[in-house]
Structure formats: structure tokens, C-alpha cells
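Heads up: the structure comes next, in C-alpha cells.
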Amino acid sequence: MDQLAAVRRSWQRYRVLWSVQLAYMAEYRAEIVLWALSGVLPFVMLALWRQAAVPAAGFDAAGLGRYFLSAFVVRQFSVVWVVWQFEEDALQGRLSPYLLQPMHPFWRYVAAHQAEQATRLPFVLLIITGFFLLQPASFAWPGPPRLALGVLAVGLAFTLNFLMQSLIACLCFWSERASALERLLMIPTLFLSGLVAPLQTFPPGLRQLALATPFPYLIGFPAQLLAGGSFGPEQPFQLPLSLMVMVGWILLLLPPLRLLWRAGVRRYSAMGA
Amino acid sequence: MTLRRFWGTALATQLEYQLNALVELVAMVANLAGSLLVLWLFYRQGVALGGWSWHAAQVVLGAYTALSGFTSTLLQPNLSRIVTQVQEGGLDFVLLKPVDSQFWLSLRTFSLAGLPELVVGLGLMLWAALQERGELPPHALFATAVMLGAAAMILYTLWFALATTTIWFVKTWNATEVLRAALSAGRYPVSAYPPALRLLFTLVLPVAFLTTVPAQVLLGRSSGFWIGASLAMAALAFALCRAFWQFALRSYTSASS
């Protein structure tokens, strides 16, 4: 009974935090639209792959269009900037009051990200509508089960990305420039995730290598779910299995994050801040 | 000379952060490897992007890398400061200095981080062109240098024009991320895009002049028309950008008054 009440209290706290962040983000909607626009890369790559006119390993023109549109959408809802925010908060000492609050400071960042995603939503819907108006041939309704699975996969992709970035954010306790490391993480995210080329176009060896990392699950797998396409045994992703792999990665990242956080906080307070 | 003093101080600051330089270096190598990988994903299936051969397309990628290095060396460190200058009122002091304000704002500092990218990009251009042509005649090298200069000028005007808009709208610096993303289309020859985008990338967002034209000149496949067009574009862009800055200054009301 007590535990139930505690969960409810946390949930209420989180909701308040989220609505505060939403009001904050709504102030910056113009900036958020600019950030969203800076994700145009999938559309540039779509133009290239279309013009190249290769049957890119099982994609027809319409399917290719849906894949890159989905990649754009997935990217919009799985982008994580916790390192930058955390670095600023830690360097400027704003972290100290957060540590006193009866809630893990990272929930504040989760709320900020989710509020930002809510602000992006109308803009993303606008882009989707515009895309299908320009290219009606690409339109295909995924159907409720697939849509639900797609949303779940996007949520997992966001969680996975958030955990990876949080690990780097924790390094801010040791180095003043942890954001430089974030740049290194960005590179495989860009090239191995399926954002610039579907994993089906990778040669087999490289595909196996990519699938051994968490990156293809950040964009490629959720995009594949939303765009439709086969999940046969020769394809890079299989349906129940790939979802389980995502959950596996998340469970694998949680313990080191907790350890790193504890060690970091101990160090932070040792500095007398 | 003024520039030497400007850049001497910039160098001294940056030598403080040696680990950063290492990270930048690794990031550059990985980025280039990734770009080559994506290019190879097309060519391994026998696709010639816009009719360009594998080595010819690498010349374009080299030009892109060199210009990206130029951006991180000069444009990014200088122009990102205009925003803070406007927000915090530092621009007032810049305007009082007996130096041209646009010159000061554009060339005040430089960053070492982009230099390796610049060198590697030029190296890739030369190496790939040599593989493609078998020779590099001096006049082609000279013409390419001129074209890259024009490209750098066009790139500079795009960035400076964006930075200028902060005089009215303080928070437009994010727009440079959009510009960066759109310019990444220049990694590939412009003829690899569908006709509508080709037109856009030539006239509106002149990606074609940034990477494709210098590559064509180096490969000896360019006509005088494109060289002339590129120079005209650079001159026009600079004149417009200069006029825009002066126009913006007229409506500048300082943060402190």
C-alpha cells in the first residue's frame, strides 16, 4: 500500500515536472523547429538513393520513400541532448540544488526531452502530411498493431539513446569537456544506424558488425517497423527478437550507469561544491 | 600585421586543450571513413552517382572535407561569437574600433581543430584526381585553387549573412545547424540529385559551386562557363553580404542603450 502511494507520488511529481518543462519548451518553439529542420539528412539521402535507381536490397521507390520518412520521424523522437544540458548544469553549479531534491536529477532531463518531443509533434505531423501530399504513391497505412509496435520501438530507441548519452554525461564529473566525447558517439550513430543508408544495403560482414552494436536499433529498426517491410530470417531485423535485443541493451546499460553516477556524485561532493 | 596578432592569441588559448585536439582528430578520421563508406555503398552496387566514377566522386568528397575544415577553422569560431556580442552588448566596442567591423568579426580568431580536415580534404582531392586522370597539369591545379577560393567565399557569405540576422532576431544561431545539414548535400556530385534539387542546389543554396565545380575543374571536365559563373557568384554573394551587414548595422540599437 505504501509502495503504491509512493509510485503515485513520483508519478505526480513527474507530471508537474513535465508540464513545467513543456511551458518552457513552448517558449522556444521557433528554435525547436530549427533543430527539427536540421534533421533533413534522410531526405537528401532519399533523393540520392532514388536517383541511383538501384533496387536497394528489397526496396521499391515507394518503400524507400517510406523508409527515409520513417527514419526522419524516428530521429526526431529519439534525439538526446542530455550531455550538453548536464555539462552546463554541472559546470555552473546548478546541479547542487537538484541533488537535494527527492528525485533523481536525471528525471528532470527525461521530462525536458519528452516535453521537447511534444513541442516537435505538430511540426513532424506537418512534414509527414507534406511528404505524402508530394508523393502520394509512397503512402501506406501501417495498421494499428504495426503502428503500436513502431511507437513502442521509438520509445525504446529513445530510452537506449538516453542511457548511452547519460553514461557520457556522467563523465562530466571527471572532465570538463565530456561533450567532446559525445561528438565521437555521434559518428557511429550517423553512419551505422540506418539514417543515411538502410542496413539492407550494407554488405553482409559490415551488417553483422553493425548489428552487434546498439546503433541500428536507434533508427533502422523502428523506421523499418513504421515503414513496413519484411522481417524474414535473411533481413537485418526479426520481429520479436529485435525488440528483445533493445530491451537487453537497456538492461545492460543500467548497472554501469548507476555505478558511474554514484562514483561521480561522491566525487562531485568531495570537491566541496 | 593585424591578422598575425589576432591569430597568435587564438593559438595560445587553444594549446591549453590538448585532449580536445586528439578527440577532434579521431572524429575527423572516423567522419571521413563514414563518408567513404556511404559512397562505397553506392558504388559497390555498380551505381555511378550522376555518371561520376568512383575516384571522381572522391574528389567531390575531398572538396567537401576541405571546406568543412575551413568552416571549423575560421567561420564557426568567429561567427558564433557574433551572437554573444549582440546579446551582451560587446558589439558596441567592436563598432568603436578603428578596424572594419566585418573584418574584425570575421577574422578575429581561428581554430586549429579544422586544419587537419582541411589538409586531408585537399590531399584526398589531389590523390583521387591523380588516380582518375593519371596526371595533374599545373594550370588545372591553379584553376582549382581559384575555384576553391570562390567556394570558400560563397560559404563565408552564407554563414555571415546568417550571423547578421542575429541583429534582429537574437536567437537564430540554430539556423546554422540547418545550413550545415543542408550543405552536407555537397558530399556528392550535384548531378546525382533529381532535376528539381539540382536547380535548388545551383541557384538557391549554391552547393554546386562549393564542391562539384572545383572537382570538375580539377578533373579537367569544366567549361569556362562554370568557372566564370562561380567567380561571378562569389563576387555577387560578397557584395550582397557586405550590403546586408551595413543595412543591418543601421537598424542596430545596442543592448545598453
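As a basis for the values below, the full set of heavy atoms in this structure was taken, side chains included, without hydrogen atoms, waters or symmetry mates. Each chain gets a letter, A, B and so on, in the order the sequences are listed, and its residues count up from 1.
- Counting heavy-atom neighbours within 6.0 Å of A/Arg29 CZ, excluding the residue itself, gives a total of 12 or less.
- The side-chain heavy atoms of A/Val44 and B/Tyr193, taken from C-beta on, include a pair separated by under 4.5 Å.
- Within the 4.5 angstrom heavy-atom criterion, no atom of B/Arg180 approaches chain A.
- The contact between B/Ser35 and chain A is made by backbone and side chain atoms together, counting heavy-atom distances below 4.5 Å.
- Within the 4.5 Å cutoff, side-chain heavy atoms of A/Pro203 are placed close to those of B/Arg44.
- For B/Ala192 against A/Leu48, the heavy-atom pair with the smallest separation is CB-CD2, 3.6 Å.
- The shortest distance between side-chain heavy atoms of B/Leu41 and A/Val196 does not fall below 4.5 Å.
- Only the side chain of A/Ala197 comes within contact range of chain B, with heavy atoms under 4.5 Å apart.
- In plain terms, the two heavy atoms of A/Ser38 and B/Ala181 that are nearest each other are O-CB, 3.3 Å.
- Heavy atoms closer than 4.5 Å to chain A are found in both the backbone and the side chain of B/Val26.
- Put simply, the side chain of B/Glu177 does not reach to within 4.5 Å of the side chain of A/Leu34, judged on heavy atoms.
- Residue contact with chain B, scored on non-hydrogen atoms closer than 4.5 Å, involves the side chain of A/Met45 exclusively.
- When all heavy atoms of B/Ser184 and A/Leu41 are compared, the closest pair comes out as OG-CD1, 3.6 Å.
- Looking at A/Phe202, both its backbone and its side chain come within 4.5 Å of chain B, counting heavy atoms on both sides.
- The CG atom of B/Leu179 lies 12.0 Å from the CG atom of A/Leu37; values are rounded to the nearest 0.5 Å.
- B/Leu197 touches chain A through its side chain: at least one heavy atom from C-beta onward sits under 4.5 Å away, while N, CA, C and O do not.
- Contacts between A/Pro188 and chain B at a heavy-atom distance below 4.5 Å are absent for every atom of the residue.
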